[in-house]
Amino acid sequence: MGAGKRVLLIIAGGIAAYKALDVIRRGRERGLEFRIILTKGGAEFVTPLSVASLAGSKAYTELFSLTDEAEMGHIRLVREADLVLVAPATADLIAKMAHGLADDLASTALLANDRPVLIAPSMNAVMWQNPAVQANVATLRARGVVTVGPGAGDLACGEVGDGRLAEPLDIVNAALRILGDGPLKGLKALVTSGPTYEAIDPVRFIGNRSSGKQGHAIAEALAAAGAEVTLVAGPTALGDPAGCKTVHIESAAEMLAGALKALPADIFIAAAAVSDWRPAAEAGQKMKKRDGGAPPRIELATNPDILATISAPGPKRPRLVVGFAAETEKVVEHATAKRAKKQCDWILANDVSAATGTFGGADNKVHVITATGAEEWPRLSKTELARRLVAKIAETLKDKAR
Ligand code: C5P
């Protein structure tokens, strides 16, 4: 995929530096070539020798080393790169980048750089939330620096929270995306994901148990394949997927507005579990319990069908529209009828009866209904299913005239 593209990888001094070794390995598997700079701190966590052995080229560490500068000056290191990747990016190096400091080889190379920059932050969760770090990251983003991660989870310091280095493969995929590789390069994709919340009053809502895992995984897989992705996401516990523009909404009406705003798109995947109804009127104040009184009656109104709206024939209809059908019985039959009714190209039908554990679970099992019939896919992780769907999309759109 990344054949011959050159990445200057800067490894800063964080405990996650060991994962940079895997970034090199996975990147090389995908055809990327690496030159490496280790900061002084980075070299405390991984040795120049292990980095160089995996990269197949020397790791540079010292700004004022005469041999290093003679062999490969800091200017040439960046000029000869197609992308500069900082992984892990520590709070310190992020601050140096934001403020233009240049007191070692890594920061000097970054200041002399005119190539795209991708950073993968990694640090303690409280540090990551610190307004100073957030302001520095915002400054870098405003200058066009792309970030991947950090993710949530157990941190090396024993605490739990946001701050984990993104997974090595996600970092490599983000790099490939910037380098402009991938079968969906040049295409725009729109994905809806998660549940919608329909307000009853300022504190109560009607919602559902959708986790958003499948839709978010699809958005990320589309982005990894080079598409420019807008994800319109209902409330979920998930972080924003790497490489996507994520628009956070709550209600079906907001989801429809967010989706329409992202058009035109080449691909639309409706993976959200949109609430079919909403309270006809949202109470302006929290509804009061009246002792001994009857419970309130909530009148419902029908929500717009986002999939059917976007899939309807018209100049803005995406070239490929994919819907989901969550069924508990006669899965293929019901989904086939739904495909016709909603005028979408494909329907991914899944059995969500309680015993399957699909809702909120890590796996999914679908039948893919197209104009030519139904294909049964094996049970797959939601990430794997997303990759397989994206491969099918790439294959289908490859032959269609743009
Ligand atoms: O009609 P049903 O809800 O079973 O259809 C499911 C498919 O339609 C999913 O792809 C879902 O994202 C989409 N949908 C929608 N807007 C609605 C209801 C469903 O986009 N209001």
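Fair warning: this is a prediction, and the values are worked out from it, not measured in the lab. Just so you know, these numbers use all the heavy atoms, side chains as well, and skip hydrogens, waters and symmetry mates. Whatever order the structure lists ligands and atoms in, that order sets their numbers, starting from 1.
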Problem - Pair D240-H216, side-chain donor/acceptor within less than 3.5 Å - result: no
Can a salt bridge be assigned to the pair [X] and [Y] using a cut-off of 4.0 Å between side-chain N and carboxylate O?
| X | Y | result |
| --- | --- | --- |
| E384 | R387 | yes |
| E228 | K245 | no |
| R177 | D170 | no |
| K5 | D82 | no |

Problem - Any V78 side-chain heavy atom under 4.5 Å of L8 side chain - result: yes
Starting from [atom], what is the nearest protein heavy atom, named by residue and atom, and what distance separates them?
| atom | result |
| --- | --- |
| atom 21 (N) of ligand 1 | P304 O, 2.8 Å |
| atom 13 (C) of ligand 1 | L307 CB, 3.7 Å |
| atom 8 (O) of ligand 1 | K342 NZ, 3.1 Å |
| atom 4 (O) of ligand 1 | K338 NZ, 2.3 Å |

Handout entry: Option nearest atom 14 (N) of ligand 1 (shortest heavy-atom distance, choices V321, D305, T302)
Key =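 The nearest heavy atom belongs to D305.
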Handout entry: Winner among D276, L256, T192, V274 once heavy atoms are compared against atom 17 (C) of ligand 1
Key =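 Selected option, by shortest heavy-atom distance: V274.
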Handout entry: Heavy atom of A308, distance to ligand 1 below 4.0 Å
Key = no
Exercise for the section: Would you check whether A272 reaches within less than 4.0 Å of ligand 1, judged by its heavy atoms? Expected result: yes
Counting both backbone and side chain atoms, is some N or O of [X] under 3.5 Å from an N or O of ligand 1?
| X | result |
| --- | --- |
| I306 | yes |
| F324 | yes |
| A325 | no |

Problem - Cation-pi geometry met for R388 and W377 (6.0 Å, 45°) - result: yes
Handout entry: Spacing of CD belonging to E29 relative to CG belonging to D22, to within rounding of 0.5 Å
Key = 8.0 Å
Exercise for the section: Could you list which atoms of ligand 1 come closer than 4.0 Å to a heavy atom of G323? Expected result: 10 (O)
